[in-house]
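The basis for the numbers below is simple: all heavy atoms, side chains too, and nothing from hydrogens, waters or symmetry mates.
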Amino acid sequence: MTTRHPRLRSAEVYEALRAEITDGLLPPGSPLVEDELAQRLGVSRTPVRESIQRLAVDGLVVSRRRRWVVHVFTPEEVTEIYGVRAALESHAARLAAQRATDGQLEEIAAQRQAMTNESMMVLPERARANDGFHDLITGASGNARMLATNRDHRLFHFNRRIAALYDQEDLRTSSQQHGRLIDALLARDADAAQEVARLHVEFSLELVLRKLY
């Protein structure tokens, strides 16, 4: 019988909990009870405890009154996070327009229907597809470190919780921005790709601040 390395299990628990937080399944302010999480994930308390400590270092959970809870980001923190995203994603789009292979551009273009559909029915699917779409663009930049940094900084971003805030006009604007970004990349217009990517992040920030705060 093969025994799994405890560090591997701890890493898996960490990734699972991080995904639940950043996807909005564990919303801000949610308590993280070690016993409950261990039972739900089918592990002992040790990997859960280690994972929560790592999430605290990430800034995703905080200790309050001797218990762990999912961090509630302030408007100032959200603005800083989106500022980093705007810088990273706009530069990634510029590089992708310059460096992407034809195959990578075809893969990005194949996401057009999913990322430009303006039906409110697609919002749950859009939330799931959004990270993959932007990862394709950052991956096409040819800068692996930028891709890893982008993923590491997904502390507060478009997820199911944020998608629920969108109305029809918000979805239309976001979809049109996605379409323009794809067009700029396919045209290898680095200036346009960079500008659209920046505007898209700034639009997302404005929407979040207006509807959550």
Side-chain angles (χ1 to χ4, degrees), residues 1-89 91-92 111 123-165 201 204-205 208 212:
M1 180 176 179
T2 302
T3 301
R4 303 183 68 187
H5 194 286
R7 291 296 176 186
L8 178 61
R9 173 159 288 182
S10 180
E12 292 170 343
V13 172
Y14 164 76
E15 292 294 342
L17 291 177
R18 182 184 171 93
E20 289 187 4
I21 293 172
T22 58
D23 288 345
L25 297 177
L26 286 172
S30 299
L32 299 177
V33 181
E34 290 181 8
D35 288 339
E36 294 177 359
L37 292 172
Q39 183 175 7
R40 177 162 67 82
L41 297 173
V43 297
S44 69
R45 290 178 58 183
T46 299
V48 171
R49 184 181 306 112
E50 292 176 347
S51 298
I52 290 175
Q53 290 170 348
R54 288 184 63 186
L55 292 168
V57 173
D58 291 344
L60 287 170
V61 305
V62 294
S63 178
R64 290 182 181 169
R65 298 178 182 177
R66 298 184 179 179
R67 68 171 186 167
W68 293 103
V69 298
V70 177
H71 180 52
V72 179
F73 287 98
T74 66
E76 292 76 19
E77 289 173 320
V78 172
T79 299
E80 289 180 355
I81 291 168
Y82 273 79
V84 173
R85 279 189 52 202
L88 289 173
E89 293 189 16
H91 188 53
Q111 307 304 310
L123 272 172
E125 289 75 17
R126 177 74 60 82
R128 287 191 290 268
N130 189 70
D131 288 349
F133 172 68
H134 289 288
D135 279 354
L136 285 176
I137 296 172
T138 306
S141 73
N143 189 321
R145 189 178 298 274
M146 185 177 294
L147 178 59
T149 302
N150 252 340
R151 288 172 170 168
D152 287 343
H153 283 76
R154 280 182 185 145
L155 306 179
F156 193 107
H157 68 131
F158 187 75
N159 55 33
R160 276 175 278 190
R161 174 171 172 259
I162 302 301
L165 303 175
V201 176
S204 300
L205 170 61
V208 166
L212 279 185

Residues Glu125 and Arg128 bridged, charged N to O under 4.0 Å: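 Between Arg128 and Glu125 there is a salt bridge, with a charged N closer than 4.0 Å to a carboxylate O.
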Under a 4.5 Å cut-off applied to non-hydrogen side-chain atoms, are [X] and [Y] in contact?
X: Thr149; Y: Asp152; value: no
X: Arg18; Y: Asp58; value: yes
X: Ile52; Y: Arg49; value: no
X: Ile162; Y: Leu212; value: yes
X: Val208; Y: Tyr82; value: yes
X: Leu41; Y: Leu17; value: yes

Given Leu60, Leu26, Leu55, the one that forms side-chain contact (heavy atoms from CB on, under 4.5 Å) with Val70: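 Between Val70 and the candidates, side-chain contact (heavy atoms from CB on, under 4.5 Å) is satisfied uniquely by Leu26.
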Would you check, one step at a time, whether the test side-chain contact (heavy atoms from CB on, under 4.5 Å) holds for Glu50 with Thr46? CA-CA 6 Å; Glu50 292 176 347; Thr46 299; 3.8 Å; yes
Specify the closest pair of heavy atoms between [X] and [Y], including all atoms of both residues, with the distance to one decimal.
X: Arg54; Y: Ala11; value: NH1-CA, 4.1 Å
X: Ala92; Y: Ser141; value: O-CB, 3.7 Å
X: Tyr14; Y: Ser51; value: N-OG, 3.1 Å
X: Pro28; Y: His71; value: CB-O, 3.8 Å
X: Leu88; Y: Met146; value: O-SD, 3.8 Å
X: Pro31; Y: Val69; value: CA-CG1, 4.0 Å

Kindly compute the distance separating [atom1] ([X]) from [atom2] ([Y]), expressed to the nearest 0.5 Å.
X: Leu32; Y: Ile21; atom1: CG; atom2: CD1; value: 5.5 Å
X: Glu20; Y: Arg40; atom1: CD; atom2: CZ; value: 4.0 Å
X: Arg161; Y: Leu25; atom1: CZ; atom2: CG; value: 12.0 Å
X: Thr74; Y: Glu80; atom1: OG1; atom2: CD; value: 7.5 Å
X: Leu136; Y: Asp131; atom1: CG; atom2: CG; value: 11.0 Å

Taking Asp135's backbone N and O only, do any of them form a donor-acceptor pair with Thr138's side chain (distance below 3.5 Å, no angle check)?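 Side chain of Thr138 to backbone of Asp135, a donor-acceptor pair under 3.5 Å: no, none is there.
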List the steps, then state whether side-chain contact (heavy atoms from CB on, under 4.5 Å) holds for Glu76 with Thr79. CA-CA 5 Å; Glu76 292 76 19; Thr79 299; 5.7 Å; no
